[in-house]
Amino acid sequence: LGPDSGDGDDGGWIPALVLSVRRDLLKDGTPVVDASYLASADAEEETVLRAVPARHVRMICGSDPVLPRTGEEAQLIILGGEDLVEGVPASVEADENTGISSWSTISVRRATVVSESAKVATARRKEARAEKARAEEVAKEEKVMRMEELRRESGADSALASYDVA
């Protein structure tokens, strides 16, 4: 927790645990967190601070699998997990046959590991649901085919079939 976070500390940062991130926003639109820390080295009870502005919280990059490992990855997360840079012209070379130069545009996509793994997990869940739906459809079709076959086979054995007049 940083300066002016309500902990009475007049300057430096203190180590703390973030207990929860709340959607409650301060007047300036900043999200708030609840945090706990030890007031002194010999303290046995944690001091809990409520509604600490997020700007007073600093996370150590890579300290948790959920947190970004680098500042660049944190910036990408702020941008929504990926950044797309478009319109970078490729080299301008003249075609040997026509003498006309050509331009091409490339796109560079930078993404975080977290956003990529989330996309992969979503795709796998979607694929699993589609596979399950296909399996259910096949099972349903097989059941209908068995019922029709049983109906054809049992038609000759029917007690009423002997009374059919042609």
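Scope of the values below: all heavy atoms of this structure, side chains included, with no hydrogens, waters or symmetry mates.
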message: Quick one, Arg129 and Lys126 - any side-chain contact, counting heavy atoms below 4.5 Å?
response: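 They are in contact (side-chain heavy atoms under 4.5 Å apart), so the answer is yes.
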query: Between atom CG of Leu19 and atom CZ of Arg50, what is the distance when rounded to the nearest 0.5 Å?
result: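 Those atoms lie 7.0 Å apart.
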query: Between Pro15 and Tyr37, which heavy-atom pair has the shortest distance, and what is it?
result: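 In terms of heavy atoms, the two residues are closest at O-CB, 3.5 Å.
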- request: Applying side-chain contact (heavy atoms from CB on, under 4.5 Å), name anything that partners Ser20, two or more places apart in sequence or on another chain.
  value: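 Expected list: Arg22, Asp34.
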Throw together a table of side-chain donor-acceptor distances under 3.5 angstrom for residues 41-48, partners on residues two or more places apart or in other chains.
| from | atom 1 | to | atom 2 | distance (Å) |
| --- | --- | --- | --- | --- |
| Asp42 | OD1 | Ser40 | OG | 2.7 |
| Glu46 | OE1 | Ser36 | OG | 3.2 |

- prompt: So, Glu131 and Arg134, do they make that salt bridge, N to O below 4.0 Å?
  reply: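 Yes.
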Selection residues 135-144 - residue pairs positive for salt bridge (charged side-chain N to carboxylate O under 4.0 Å, His left out), sequence neighbours left out: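 Passing the test, one end in residues 135-144: no pairs.
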- prompt: Pick one: which of Arg151, Met147, Arg152, Met145 meets side chain to side chain contact (heavy atoms under 4.5 Å, CB included) with Glu149?
  reply: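 Running side chain to side chain contact (heavy atoms under 4.5 Å, CB included) over Arg151, Met147, Arg152, Met145 with Glu149 returns exactly one hit, Arg152.
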Shared hydrophobic cluster for Leu38 and Val18 (ILVMFWY, side-chain gaps under 4.5 Å):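 Different hydrophobic clusters.
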